[in-house]
Peer 1: 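The following block contains the structure, expressed as structure tokens.
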Amino acid sequence: MTDTRPILFFDSGVGGLSVLAPTRALLPQASYVYVADSAGYPYGTRSEAEIAARVPALLGRLAERYRPRLIVIACNTASTIALAAVRAALDLPVVGTVPAIRPAAALSVTRCIGVLGTQATVRQPYVDDLATRFAADCTVIRHGSAELVALAEAELRGMRQPDSAYRAVLAGLYDQTGGERIDVIVNACTHFPLVADRLGAVAPGPVRFVDGGEGIARRVAYLTQGQAWPQSPVPGVAVFTRIDSDTAALAPALLARGLERIESL
Ligand code: DGL
């Protein structure tokens, strides 16, 4: 028995690579298609209506073209806004990425957690709901940062960004009332785990970062349990909705994550 249907990961840019990596570590035998909606990037500064219209339509096209066995929306912004609509439209399992507020609350000693996401994510009722359900006894301080998304995109293209840029992003959390008590930060945008070391190195105090990558990997493994896989390794494909002059700069980062070929949609 062999089944070559891929697992398809979707994000606006390179952020979803932080979710692909732990999944690939758990399921190395699977074939992978990684899609970056570079023509729609960045999502975090778009309106809810734009995301809600764009993401289900695009995933419909992608499902037809690549026939995946499962889709991972490896983007908090798209998941918190459009996950239900995508699930309703597609007849296959869809795993979303939601801010890891529950594990953060379980870890926090000071009972003060930071949530770092895109502007669109941190204002979602979905986040209010997670905070109420899982962190009711914590102060939850939120900050939306388009800058950090851009920093991660640049780093993955091999352009080292200065410490001061990361310090400025963290100030958005720590400078809020009570911010000095933060001991856990939720990386509520999939781009941010890619630069968590840089953030940790300039944080004003001891802090732990949490994200949903490992949990999603376990969920994908669970949902594909007992399925057949390709008999021999299939090279991963990176798909961009727009290829421009700096897409080629991503090739080493993509290759390091098993994505050997670049295609446009
Ligand atoms: N990586 C995305 C997220 O998890 C969005 C980044 C962006 O396009 O603004 O929210």
Side-chain angles (χ1 to χ4, degrees), residues 8-23 34-56 58-59 71-83 85-86 94-101 103-104 114-127 130 142-157 161 165 169 172-173 185-196 198-199 209-217 219 238-242 244 246-247 250 253-254 257 259 265:
L8 189 147
F9 281 72
F10 177 83
D11 183 37
S12 59
V14 297
L17 295 174
S18 73
V19 185
L20 173 68
T23 307
Y34 181 86
V35 183
D37 181 14
S38 42
Y41 167 90
Y43 280 2
T45 50
R46 289 186 182 274
S47 69
E48 281 73 359
E50 283 176 292
I51 304 284
R54 184 171 183 92
V55 171
L58 196 47
L59 280 169
I71 287 177
V72 178
I73 305 184
C75 172
N76 289 260
T77 311
S79 299
T80 53
I81 295 171
L83 180 59
V86 173
V94 181
V95 176
T97 308
V98 297
I101 289 176
V115 176
L116 203 50
T118 64
Q119 287 115 307
T121 294
V122 298
R123 67 170 180 255
Q124 291 312 307
Y126 202 114
V127 177
L130 290 172
R142 309 176 194 193
H143 178 57
S145 175
E147 294 76 18
L148 191 52
V149 176
L151 290 170
E153 288 280 335
E155 297 275 3
L156 272 269
R157 287 169 173 78
Q161 303 297 298
V169 170
L173 281 178
I185 293 177
V186 181
N187 274 327
C189 167
T190 53
H191 279 73
F192 302 169
L194 299 171
V195 291
R198 301 297 308 277
L199 290 168
F209 292 90
V210 297
D211 65 75
E214 303 281 345
I216 291 170
R219 181 80 188 139
V239 180
F240 291 81
T241 54
R242 182 173 55 214
D244 52 33
D246 68 351
T247 309
L250 285 172
L254 297 172
R257 289 157 179 90
L259 304 170
L265 182 67

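No hydrogens, no waters, no symmetry mates; every other heavy atom, side chains included, goes into these values. We count residues from 1, following the sequence as given. Each ligand, and each atom within it, is numbered from 1 in the order the structure gives.
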Peer 1: How would you list, by chain and number, every residue that makes a side chain to side chain contact (heavy atoms under 4.5 Å, CB included) with Ala39, sequence neighbours excluded?
Peer 2: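 Here the qualifying residues are Asp37, Arg54, Thr241, Arg242.
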Peer 1: Is there a donor-acceptor pair under 3.5 Å between the side chain of Glu153 and the backbone N or O of Val14?
Peer 2: yes
Peer 1: Answer yes if the side chains of Asp244 and Thr247 hold a donor-acceptor pair under 3.5 Å, and no otherwise.
Peer 2: yes
Peer 1: I'd like the residue list for ligand 1, meaning every protein residue with a non-hydrogen atom under 4.0 Å from the ligand.
Peer 2: Asp11, Ser12, Tyr41, Pro42, Tyr43, Gly44, Cys75, Asn76, Thr77, Thr118, Val149, Cys189, Thr190, His191
Peer 1: For Gln161, enumerate each residue passing the side chain to side chain contact (heavy atoms under 4.5 Å, CB included) test, keeping only those at least two apart in sequence or located in another chain.
Peer 2: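 Leu151, Ala154, Glu155, Met159, Tyr166.
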Peer 1: Check side chain to side chain contact (heavy atoms under 4.5 Å, CB included) between Thr77 and all other residues, then give those that pass, not counting sequence neighbours.
Peer 2: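 Thr77 satisfies side chain to side chain contact (heavy atoms under 4.5 Å, CB included) with Tyr43, Ile51, Cys75, Ile81, Thr118, Ala120, Thr121 only.
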Peer 1: Going from CZ on Phe10 to CG on Leu58, what distance comes out if it is rounded to the nearest 0.5 angstrom?
Peer 2: 4.5 Å
